[in-house]
Asks: 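Sharing a structure with you now.
Residue numbers start from 1 in every chain, and the chains themselves are labelled A, B, ... in the order their sequence lines are given, proteins ahead of strands.
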There are 2 protein chains.
Amino acid sequence: MSILTCQGVYMIGGMSLRYALLGLLSAAGPSSGYDLAKLFENSINHVWRAGHSQIYPELSKLHADGLIEVEAEGPRGRKIYAITPQGRAELHQWLLEKGREGPVRSEGALQAFLISALPPAEAIGVVERVRAMFERRLADLEARHEQMSGGSGGDYFGRYALDLGLRQTRTFLEWADATIADLRARAGS
Amino acid sequence: MSILTCQGVYMIGGMSLRYALLGLLSAAGPSSGYDLAKLFENSINHVWRAGHSQIYPELSKLHADGLIEVEAEGPRGRKIYAITPQGRAELHQWLLEKGREGPVRSEGALQAFLISALPPAEAIGVVERVRAMFERRLADLEARHEQMSGGSGGDYFGRYALDLGLRQTRTFLEWADATIADLRARAGS
DNA sequence: CGCCCCATGTAATAAGTTACATGATTTT
DNA sequence: AAAATCATGTAACTTATTACATGGGGCG
């Protein structure tokens, strides 16, 4: 008796990496694993992370499943993958699927939560530190935005995600300011 | 030759569940694994997730490491854990630690990113669906906020996290509206 | 007595991270 | 020739998810 897994049965959630890769291949055109790792790092990074050690094996699986194909081979074993029609279909399917309330995971927000466990005076320091981190992120995203909108016309890749990232980072900073003010009031009382 | 892991060497990132549990025990007082699973579900859920199958083993480890102790035992094998001074110290340490830019992971935002891969007309539907999901979350958070602020004085648990959740959810809705408008403009052109 | 909730766990699998390992090409 | 970067992979481990499994206690 063998339990059918993944392709066969269960796994309704998850598989995000798979679709992230299909999405990148769809939007950025044919790319190598190396390219995709880079793309991940400086586009999708603030939303989902993956290193090359996760990307290469996943590309193999995608290839085995016929969702991508090797379009060409370059210099040092460089393989350029392209999304296939089946791949495109699966991606669309996944995006259109409903009832999916996938994983949410933010260590920054978790810390925000846990400061309730600290005395106000100490909590302030923690919030300030996290705030500084997000400040840096905002600068990074703004630079990227500048760079992108400076480019061609209006249709750059990841435009909506970048916009979302900017909004959320700014919101986080606002929250941090409000929280610090509140903590100060409590500490001072 | 044995490779020292975790307690001994590496693992600088990660361990978030561990600290989430310590934080809950610190803020909510002595609780059983079951209680903690419940607490997770309706307090910290929008920030970090964990099911009981992850919680129980982690509690065992925390106990083995002396960061929590069994304060009492109840009816059906119910064990009530309390955070120890060492546990409190570790939690503070972790919160104060710097240079930590932990994992960020949001499937909603990932989908937002990937819509670039869809023709505008289809993308609108996707964004609308995700938007609806966040609308439900907002209602949920608002209800919780209502409930909490209705309670005692001002010092409820997870107050800051809830505030952050509300702000971020509202921001997401704003983004969705702007994006839908933009997509409509593009689809109509 | 039967049902629902309390309460705890384990097993199997999937997903993610860090470190290890190797070698080719381009740039300085 | 050395250094940086391109390029791909594997191994070992941790973390997370889903399903399986069991039994006590309260209530109608």
Asks: Between A:Q54 and A:P75, which is nearer to the 5' end of DNA chain D once each is assigned its nearest nucleotide?
Replies: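 The residue mapped nearer the 5' terminus is A:P75.
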
Asks: For the residue pair A:Y19 and A:W94, does the interplanar ring angle fall in the parallel (under 30°), tilted (30 to 60°) or perpendicular (over 60°) class?
Replies: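 Rings of A:Y19 and A:W94: parallel, under 30°.
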
Asks: For C:dA7, does either OP1 or OP2 sit under 4.0 Å from a side-chain N or O belonging to B:K38?
Replies: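 Looking at the OP1 and OP2 atoms of C:dA7, neither is under 4.0 Å from any side-chain N or O of B:K38.
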
Asks: What is the distance, rounded to the nearest whole Å, between atom OH of B:Y19 and atom P of D:dT15?
Replies: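 One finds 10 Å between P of D:dT15 and OH of B:Y19, rounded.
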
Asks: Let me know the distance between CG of B:L62 and C1' of C:dT8, rounded to the nearest Å.
Replies: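 Distance check: B:L62 CG to C:dT8 C1' gives 16 Å.
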
Asks: Can we say B:R136 and B:D140 salt-bridge, meaning some charged N sits less than 4.0 Å from an Asp/Glu carboxylate O?
Replies: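 Looking at B:D140 together with B:R136, the answer is no, because their closest N to O distance does not fall below 4.0 Å.
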
Asks: Could you give the CD-to-P distance, from B:E58 to D:dT14, as a whole number of Å?
Replies: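 Result: 12 Å.
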
Asks: Tell me: CG of B:L36 to C1' of C:dG9, nearest whole Å?
Replies: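 Going from B:L36 (CG) to C:dG9 (C1'), I get 15 Å.
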
Asks: Can you work out whether B:G77 or A:L17 has the more 5'-proximal nearest nucleotide on DNA chain C?
Replies: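 Mapping each residue to its closest nucleotide by heavy atoms, the 5'-most match is B:G77.
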
Asks: Less than 4.0 angstrom between a side-chain N/O of A:Y56 and OP1 or OP2 of D:dG9, yes or no?
Replies: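 For D:dG9, OP1/OP2 do not have a side-chain N/O of A:Y56 under 4.0 Å.
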
Asks: Return the value, rounded to whole Å, for the distance between atom CD1 of B:I55 and atom P of D:dT15.
Replies: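 Nearest whole value for this atom pair: 15 Å.
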
Asks: Counting side-chain heavy atoms from C-beta on, which of C:dT8, C:dT10, D:dA7 comes nearest to B:R78?
Replies: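 Among the listed nucleotides, the one closest to the side chain of B:R78 is C:dT8.
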
Asks: Please work out if B:G51 contacts a base, only the sugar-phosphate, or nothing of the nucleic acid, heavy-atom cut-off 4.0 Å.
Replies: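 Result for B:G51 = nothing.
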
Asks: I'd like to know if B:S53 reaches the base of D:dT18 with its side chain such that a donor and an acceptor end up less than 3.5 angstrom apart.
Replies: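 Under the 3.5 Å cut-off, the side chain and the base do form a donor-acceptor pair.
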
Asks: Looking only at side-chain N and O atoms, does A:T179 offer a donor or acceptor that is under 3.5 Å from a partner on A:D182?
Replies: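 Not at all, the side chains of A:D182 and A:T179 share no donor-acceptor pair under 3.5 Å.
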
Asks: Pairing donors with acceptors under 3.5 angstrom, does anything connect the side chains of B:E69 and B:T84?
Replies: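 No pair is found: no donor N or O on one side chain lies under 3.5 Å from an acceptor on the other.
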
Asks: Rounded to whole Å, please give me the gap between CH2 in B:W48 and P in C:dG16.
Replies: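 Going from B:W48 (CH2) to C:dG16 (P), I get 12 Å.
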
Asks: Hey, can you tell me if A:Y56 and A:H52 have their rings parallel, tilted or perpendicular (30° and 60° cut-offs)?
Replies: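 Perpendicular, since the angle between the ring planes exceeds 60°.
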
Asks: If I take atom CZ in residue B:R49 and atom C1' in nucleotide D:dT17, what distance separates them, rounded to the nearest angstrom?
Replies: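 One finds 12 Å between C1' of D:dT17 and CZ of B:R49, rounded.
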
Asks: If each of A:R105 and A:R76 is mapped to the nucleotide of DNA chain D with the nearest heavy atom, which maps nearer the 5' terminus, i.e. the 5' end?
Replies: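 The 5'-side residue here is A:R76.
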
Asks: For C:dC6, does either OP1 or OP2 sit under 4.0 Å from a side-chain N or O belonging to B:Y34?
Replies: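 The answer is yes; a side-chain N or O of B:Y34 sits under 4.0 Å from OP1 or OP2.
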
Asks: CE of B:M15 versus C1' of C:dT18: gap in Å, rounded?
Replies: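 Atom-to-atom, B:M15 to C:dT18, this comes out as 15 Å.
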
